[in-house]
Amino acid sequence: MDKVFVLDFGAQYAQLIARRVRECHVYSEIVPHDIPLKELSGQHPAGIILSGGPKSVYSPGAPSLDPGILKLGIPVLGICYGQQVMAQGLGGEVSRTGVAEFGKTDLKVNSSDSVLFSELPPEQTVWMSHNDSVTGPPEGFHVTASTPASPVAGFEDPERGFYGVQFHPEVAHTPFGLDLLKNFLYEACDLLPKWTMTSVIETAIEQIRAQVGTDRVACGLSGGVDSAVAAALVHRAVGDQLTCVFVDHGLMRAGEGEAVETTFRRHLGADLIHVKASDRFLEKLAGVTDPEEKRKTIGETFIRVFEEVARDELEDAQFLVQGTLYPDVIESGTKDAAKIKSHHNVGGLPDDMKFTLIEPLRNLFKDEVRRVGEELGLPEEIVWRQPFPGPGLAVRIIGEVTPERLDLLRAADQVVFQEIKRAGLLREIWQSFAVLPAVRSVGVMGDERTYGYPIVLRAVTSEDAMTADWARLDYDLLERISNRIVNEVPGINRVVYDITSKPPGTIEWE
Ligand code: GLN
């Protein structure tokens with residue numbers, strides 16, 4: 001398969017570059033900037049993109065470019081730092097000119113035969129973020145574009161297949177950025193836009209069949225998008241050889257357990273073991289109020305239940321499907337972030353389980369997974385489900401989880417879901433849900449004093465869950481949600497809206 005490698009020099013936007021290339025229907029992967037030359041050339045990329053990076057090319061310890069890469073005869077596009085290391089590697093000049101550019105910048109294309117700027121407007125806005133600049137292009141290059149502060153905002157040597165830009169074509173603030181990338185891919189690398197979700201599905205199916213042969217496969221379903229799409233894909237590949245296990249901990253939102261059941265059993269005709277283990281989870285959760293302990297209890301109980309099913313009903317299964325996504329793969333190499341929460345995803349299984357993993361989504365980003373799900377015919381409520389914590393509603397009850405509180409929270413949450421959906425905001429908002437802090441306050445209904453729980457409404461916008469902002473919901477919508485919850489859910493007498501961003505807050509309450 002044709003692919004383009006993005007060499008990561010520590011950029012903020014390396015993932016975004018790969019995503020944009022994929023939007024042009026060319027498969028792209030991110031690799032470290034110091035990937036051994038042999039490994040790189042052995043995979044025969046059709047093009048290489050050098051990402052941006054925070055360092056200055058001359059500073060000690062700055063990530064360098066293996067000069068061998070520029071001798072492979074593969075077209076190379078350098079972006080920002082990438083352009084600078086390319087210039088440095090080929091004998092050009094890079095300096096700290098004292099003029100930095102950040103944000104929107106006016107660019108003039110000053111070459112009529114540029115490959116990168118072919119068919120693009122001679123004057124356009126681009127997005128910049130740099131302190132250093134190429135001040136002298138290497139021999140053989142010609143300058144293709146400039147800005148007031150960067151005389152060499154673009155250069156190229158099409159003979160040798162080298163291209164560079166000082167600005168960031170991958171960000172949305174560069175309106176013709178995608179067209180520029182297309183010129184690199186389709187003209188400079190001579191690629192065709194062949195990578196589509198249909199081709200992804202076909203390739204995955206072939207690979208799964210080759211890996212699995214006639215063996216049996218197990219898949220744990222969580223109700224979430226990733227495990228559902230992974231299971232549907234494997235089911236398409238091996239049909240009855242797949243058994244799905246849905247450990248229903250009873251901590252799902254209203255109707256979610258049934259949706260899994262309907263989709264997999266009735267719609268896809270998959271073999272499904274639906275383990276209704278709600279009592280067992282609730283028993284273990286009795287008296288537990290500490291959030292970490294709650295997550296741990298749920299995680300452990302989940303593993304126990306899954307092990308029992310595996311032992312009793314899946315003893316001949318060799319393979320286990322997991323919905324690992326590409327960002328997990330990229331991050332797992334470098335992740336040493338502070339431990340904010342444990343067991344965010346229930347379903348991590350112990351290492352001593354005997355399965356070989358099948359991870360059919362490990363090269364895909366979330367939005368691509370959703371498109372695969374749509375193509376496989378999964379229903380909208382699964383494909384477009386908002387992120388939901390593995391331990392479910394248990395982490396949205398602050399205090400002990402009891403059946404009564406779960407019922408209240410589920411009913412209130414259902415109102416939030418319905419109203420957000422009716423307002424057409426379900427996809428736009430990253431997550432919207434109800435939280436039940438187990439404290440009570442005084443209210444009055446029908447002249448009578450009440451003493452009930454409050455519901456906290458949480459709705460956030462986000463790109464990636466790393467940061468989030470509270471959604472500016474319309475007052476009328478807030479009013480409708482508040483009225484309906486208090487009227488329809490006895491035991492709730494107050495609704496408050498959480499207006500904390502992340503950081504300092506987290507999206508979930510615990
Ligand atoms: N650190 C380099 C500079 O400041 C490159 C910046 C970038 O790649 N965005 O010029």
Side-chain angles (χ1 to χ4, degrees), residues 4-21 28-35 47-67 69-70 75-107 116-117 124-138 141 143-156 162-178 180-181 184 330 334 463-464 466-467:
V4 167
F5 277 161
V6 176
L7 258 57
D8 185 2
F9 286 90
Q12 232 178 317
Y13 303 113
Q15 286 201 25
L16 197 53
I17 301 172
R19 297 183 52 149
R20 290 287 181 256
V21 171
S28 175
E29 266 178 33
I30 302 162
V31 294
H33 70 89
D34 53 0
I35 179 176
I48 294 171
I49 299 180
L50 313 175
S51 84
K55 286 277 179 24
S56 177
V57 287
Y58 292 123
S59 63
S64 58
L65 173 68
D66 184 336
I69 288 178
L70 300 172
V76 182
L77 167 64
I79 296 175
C80 203
Y81 187 90
Q83 182 201 26
Q84 297 164 4
V85 273
M86 180 191 276
Q88 185 192 35
L90 294 167
E93 191 186 314
V94 181
S95 358
R96 183 144 300 194
T97 54
V99 264
E101 288 171 298
F102 296 102
K104 285 186 183 163
T105 311
D106 293 326
L107 178 97
L116 278 194
F117 291 97
Q124 48 180 289
T125 306
V126 297
W127 197 85
M128 292 278 198
S129 175
H130 68 116
N131 290 299
D132 297 347
S133 304
V134 174
T135 41
F141 278 73
V143 176
T144 53
S146 54
T147 70
S150 301
V152 193
F155 65 21
E156 58 193 55
F162 297 145
Y163 305 84
V165 286
Q166 178 62 72
F167 57 90
H168 291 271
E170 71 276 23
V171 304
H173 307 294
T174 300
F176 293 97
L178 201 63
L180 185 139
L181 287 176
F184 175 68
I330 304 171
T334 57
E463 289 291 324
D464 51 11
M466 300 300 286
T467 59

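The shown structure was predicted, so the numbers you read here are calculated from the model rather than taken from an experiment. Whatever order the structure lists them in is the order used to number ligands and atoms, beginning at 1. Residue numbers run from 1 in the order of the sequence given.
Inspection of the Glu101 and Ser150 side chains reveals an N or O donor paired with an N or O acceptor under 3.5 Å.
Protein neighbours of ligand 1 below 4.0 Å, counting non-hydrogen atoms: Gly52, Gly53, Pro54, Lys55, Cys80, Tyr81, Gln84, Ser129, His130, Asn131, Asp132, His168.
Under the 3.5 Å distance criterion, the side-chain polar atoms of Arg20 are matched with a main-chain donor or acceptor of Glu170. No donor-acceptor pair closer than 3.5 Å links the side chain of Gln166 to the backbone N or O of Ser133. Side chain of Thr174 to main chain of Phe176: no donor-acceptor pair is present (N/O by atom type, distance under 3.5 Å, no hydrogens or angles).
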Worksheet item: Step by step, would you call Thr105 with Trp127 a side-chain contact (heavy atoms from CB on, under 4.5 Å)?
Response: CA-CA 6 Å; Thr105 311; Trp127 197 85; over 6 Å; no
Listed pairs under 3.5 Å, donor-acceptor, residues 87-95 side chains, sequence neighbours left out:
| residue | atom | partner | partner atom | Å |
| --- | --- | --- | --- | --- |
| Gln88 | NE2 | Val57 | O | 3.4 |
| Glu93 | OE2 | Thr135 | OG1 | 3.2 |
| Ser95 | OG | Thr135 | OG1 | 2.7 |

